[in-house]
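Presented below is the structure to which this report refers.
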Amino acid sequence: LTVACGVGGLGLLCLVKAHWRWLGLALLALPFAIGAPEHSGSAFADLDASAALQMQQLAGEFYRATALASALQWLLLGALSALAVARWLSPLLNPMASATPLERTAP
């Protein structure tokens, strides 16, 4: 339903020239209005108590490891992007910054 509403909504917004093309916004918002189904109760309710406890601990470790790996990924991506901009884009955007002092004073 989400994919169909997304494709239909974007199709209406981008491809239709009639006044009812704004129905595409309603289609894009429909999955958010309906909401995703949620599981009620424990995810490990059918297991015995010791196994459920171990699974809860494993899930906690997974959440922490995932958060740490994601944070490191974004920090590394940001640092490498900053280095790439400084090295390759800054000279293109500001050619006088990379000029020698004699080139800067020449008319």
Side-chain angles (χ1 to χ4, degrees):
L1 176 67
T2 302
V3 171
C5 286
V7 169
L10 289 175
L12 282 172
L13 283 174
C14 296
L15 302 175
V16 174
K17 299 293 183 196
H19 65 277
W20 50 273
R21 72 186 249 186
W22 299 106
L23 180 63
L25 287 176
L27 276 176
L28 287 173
L30 183 64
F32 295 99
I34 293 173
E38 295 182 15
H39 180 69
S40 61
S42 174
F44 310 112
D46 56 342
L47 299 175
D48 64 293
S50 65
L53 179 63
Q54 289 176 352
M55 294 301 288
Q56 289 287 352
Q57 290 172 347
L58 185 60
E61 290 177 21
F62 174 77
Y63 295 147
R64 285 187 293 280
T66 302
L68 179 64
S70 181
L72 288 174
Q73 173 204 350
W74 285 111
L75 289 172
L76 183 64
L77 182 64
L80 291 176
S81 296
L83 290 173
V85 166
R87 181 172 183 174
W88 291 302
L89 290 181
S90 290
L92 296 174
L93 296 175
N94 189 5
M96 292 305 288
S98 61
T100 64
L102 291 176
E103 292 172 338
R104 289 184 201 149
T105 57

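Small disclaimer: the values here were computed from a predicted structure and weren't measured. No hydrogens, no waters, no symmetry mates; every other heavy atom, side chains included, goes into these values.
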Could you pull out every donor-acceptor pair under 3.5 Å between side chains of residues 47-56 and any protein atom, sequence neighbours left out?
from	atom 1	to	atom 2	distance (Å)
Asp48	OD2	Ser50	OG	2.8

All N/O donor-acceptor pairs, side-chain side in residues 7-36, below 3.5 Å, sequence neighbours left out:
from	atom 1	to	atom 2	distance (Å)
Arg21	NE	Leu13	O	3.4
Arg21	NH2	Leu13	O	3.1

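Chaining together hydrophobic side chains whose heavy atoms lie under 4.5 Å apart places Phe62 alongside Tyr63. Cluster partners of Trp74, by chain and number: Leu77. The rule joins Ile, Leu, Val, Met, Phe, Trp and Tyr whenever side-chain heavy atoms lie under 4.5 Å apart.
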